[in-house]
Amino acid sequence: MELQVAATGEPRFQRVRGMHDLLPEKATRFRQLEEKAKMLFELYGYGEMRTPILEPLSLFERALGTTTDIVEKEMFTVKDKGERALCLRPEGTAGVVRAFIEQNFRKTIKLFYMGPMFRAERPQKGRYRQFFQIGTEYFGNPSPAADAETIQLSAEILKSAGVEIAIRINSIGCATCRKNYQKILLVFLKKNFSQLCENCKKRMERNPLRVLDCKGDSGKFPNAPKTTEYLCLECKQHFTQVQELLAAVEIPFEIFPHLVRGLDYYTRTVFEIFAKDKKGSQDALAGGGRYDGLVRELGGPDTPAVGFALGVDRVIAQLEETGKIPMGRSSPERKKIFVAAVGNNTIPKAFQLLTQLRRAGFEADALLKEQSLKSQMRMADSWGAQDCVIVGEDELKENSVTLRDMKNQSQKKVPWDAILSALQ
Ligand code: AMP
């Protein structure tokens with residue numbers, strides 16, 4: 001924890017670098033996007049999955065691959081009391097796959113998750129150390145239709161939030177055709193060795209594909225060999241069918257033959273979705289693909305799978321930049337009622353009334369402390385109350401309240417048991 005000194009001379013705590021407090025306005029936008037996604041997940045037959053934020057470090061090393069940026073330098077690792085190495089999850093798939101194997105899920109299952117992820121990246125715009133993802137994993141379906149549905153679903157979430165999108169897809173083949181491609185790519189990279197960043201120079205031999213999505217080197221080599229030219233027959237057919245299915249439901253896409261994604265577990269289809277006006281390789285709003293080998297790699301049965309993850313922080317930032325916020329309320333607009341308690345002993349009665357109003361489905365608020373009626377009215381006004389219910393000493397004696405219409409400032413007395421009907 002970094003400490004600064006406050007005016008009083010006391011130390012002042014600060015949030016951890018690259019991490020953010022989400023204030024109510026922003027947090028509401030996050031929630032609204034999550035709710036839109038949840039509604040779509042229900043339509044598409046996905047069930048929710050919540051996995052722990054802490055997982056064994058070795059799970060990510062094994063799942064993501066040791067030559068990935070995340071595992072090489074971006075993990076927040078911790079030791080538990082027994083000195084076991086743990087890690088704050090940098091992404092959602094590995095944990096869901098771990099659970100899929102450990103809990104013996106049925107063979108075909110569709111799951112979604114949402115929550116915080118942690119990567120010790122260099123903080124900058126759109127790149128945080130704690131960020132939120134919404135994602136899915138679809139286990140047990142090898143069909144290109146599962147890939148197409150996954151791309152469609154992630155696109156639908158973004159579109160329903162109001163983002164204009166551009167989809168890029170590619171196929172990186174199966175283990176066999178990828179091996180072939182890697183050899184060809186390595187020859188190309190050796191010829192261009194001097195242009196590589198220091199990190200890629202080191203890992204090029206072990207994992208040449210990494211160069212194509214390296215933050216520094218991606219885009220440097222438009223003439224690099226294309227993955228699509230080295231696909232085996234089955235992979236080629238699979239990719240063609242994905243494209244046909246997307247076209248059948250009128251989802252526009254571009255093929256990007258250098259798109260490989262940052263993690264080792266992908267096979268065949270990979271995709272990324274961008275805002276239409278922002279297609280820099282570091283600006284993806286969502287990404288995903290097929291990972292047919294991962295369940296087995298982590299000790300489970302051979303299970304095809306496909307999924308995506310969408311960056312909530314980036315989507316909200318995009319909507320804010322393009323003036324598409326607010327997305328609208330997550331629940332229908334309700335009448336707002338302010339309860340003002342004035343004078344001795346009126347607070348318990350006002351508190352009762354506040355409770356009744358909320359139970360009846362009104363948005364209700366009150367100060368519930370001794371304060372002049374005038375300043376309570378000011379508060380009601382700035383909160384946007386349509387009506388105000390005043391509980392004063394006279395009203396208490398008469399078992400009534402005063403109802404004030406905040407717009408035209410008219411007032412009337414209403415008996416206690418007629419309040420709800422008077423407000424509706
Ligand atoms: P990835 O798991 O790297 O494929 O990321 C999927 C999505 O999560 C990306 O398209 C981004 O929208 C988002 N994302 C990834 N890393 C970060 C980060 N450090 N900060 C904010 N969003 C991120």
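For ligands, and for the atoms within them, numbers begin at 1 and follow the listed sequence. Only a predicted model underlies this, so the values are computations on that prediction, with no experimental measurement involved.
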J.: Is the backbone N or O of Thr93 less than 3.5 Å from a side-chain atom of Glu91, with the two atoms forming a donor-acceptor pair by type?
T.: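 A pair under 3.5 Å: yes.
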J.: Is it true that a side-chain atom of Arg106 and a backbone atom of Thr108 form a donor plus acceptor pair closer than 3.5 Å?
T.: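 Yes; at least one donor-acceptor contact below 3.5 Å.
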J.: Hey, which of Phe118, Phe30, Tyr113 is the one that makes ring pair (Phe, Tyr, Trp, His ring centres under 6.0 Å) with Phe132?
T.: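 Between Phe132 and the candidates, ring pair (Phe, Tyr, Trp, His ring centres under 6.0 Å) is satisfied uniquely by Phe30.
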J.: Taking both backbone and side-chain atoms of Leu285, is any N or O found less than 3.5 Å from an N or O belonging to ligand 1?
T.: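 Checking ligand 1 against Leu285, an N or O pair does fall under 3.5 Å apart.
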J.: Without swapping roles, check the side chain of Asn192 against the backbone of Phe188 for a donor-acceptor pair under 3.5 Å.
T.: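 Side chain of Asn192 to backbone of Phe188: a pair is present.
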J.: To which protein heavy atom is atom 21 (C) of ligand 1 closest, and what is the distance rounded to 0.1 Å?
T.: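 For atom 21 (C) of ligand 1, the nearest protein heavy atom is Gly126 O, 3.3 Å.
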J.: Output yes when the distance from some N or O of ligand 1 to some N or O of Glu121 is under 3.5 Å, and no in every other case.
T.: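 Yes.
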J.: Between Arg290 (side chain) and Val270 (backbone), is there a donor-acceptor pair under 3.5 Å?
T.: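 It does not hold such a pair.
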J.: Among protein heavy atoms, which sits nearest to atom 13 (C) of ligand 1, and what does the distance come to when rounded to 0.1 Å?
T.: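 It is Gly311 CA, 3.5 Å.
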J.: To the nearest 0.1 Å, how far is atom 6 (C) of ligand 1 from its closest protein heavy atom, and which atom is that?
T.: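 Looking only at protein heavy atoms, the one closest to atom 6 (C) of ligand 1 is Gln133 NE2, 3.3 Å.
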J.: At less than 4.0 angstrom from any non-hydrogen atom of Ala309, what atoms of ligand 1 do you find?
T.: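 Here the atoms of ligand 1 in question are 6 (C), 7 (C).
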J.: Checking a contact table here: which protein heavy atom is nearest atom 2 (O) of ligand 1, and how many Å away?
T.: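 Result: Arg119 NH2, 2.8 Å.
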J.: Of the listed options (Tyr128, Phe308, Phe274, Phe118), which comes nearest to atom 20 (N) of ligand 1 when hydrogens are ignored and any heavy atom counts?
T.: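 Answer by nearest heavy atom: Tyr128.
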J.: Mind checking what makes side-chain contact (heavy atoms from CB on, under 4.5 Å) contact with Asp302, not counting sequence neighbours?
T.: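 By the side-chain contact (heavy atoms from CB on, under 4.5 Å) rule, Asp302 matches Arg296.
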J.: Please work out, at 4.0 Å between heavy atoms, whether the side chain, the backbone, both, or neither of Arg127 comes within that distance of ligand 1.
T.: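 Both backbone and side chain.
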J.: Identify, by atom number and element, the atoms of ligand 1 in contact range of Ala286, meaning under 4.0 Å from any of its heavy atoms.
T.: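 Listed by number with element: 10 (O).
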J.: Would you mind checking which non-hydrogen protein atom is closest to atom 23 (C) of ligand 1, with the distance to 0.1 Å?
T.: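 For this ligand atom, the closest protein heavy atom is Phe131 CD1, 3.4 Å.
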J.: Any idea which protein heavy atom is nearest atom 4 (O) of ligand 1, and the distance to it?
T.: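 Here the nearest protein heavy atom works out to Arg261 NH2, 2.6 Å.
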J.: Less than 6.0 angstrom from the centroid, inside 45 degrees of the normal: does Lys110 satisfy that with respect to the ring of Tyr138?
T.: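 Output yes; distance and angle both within limits.
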J.: At what distance is the nearest protein heavy atom to atom 9 (C) of ligand 1, and which residue and atom is it?
T.: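 Here the nearest protein heavy atom works out to Ala284 O, 3.7 Å.
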J.: Please report the shortest heavy-atom distance between Trp383 and Glu363, naming the atom on each side.
T.: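 Closest approach of Trp383 to Glu363: CH2-O, 3.5 Å.
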J.: Could you tell me whether Tyr46 and Phe112 have their ring centroids closer than 6.0 angstrom?
T.: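 That pair fails the under 6.0 Å test.
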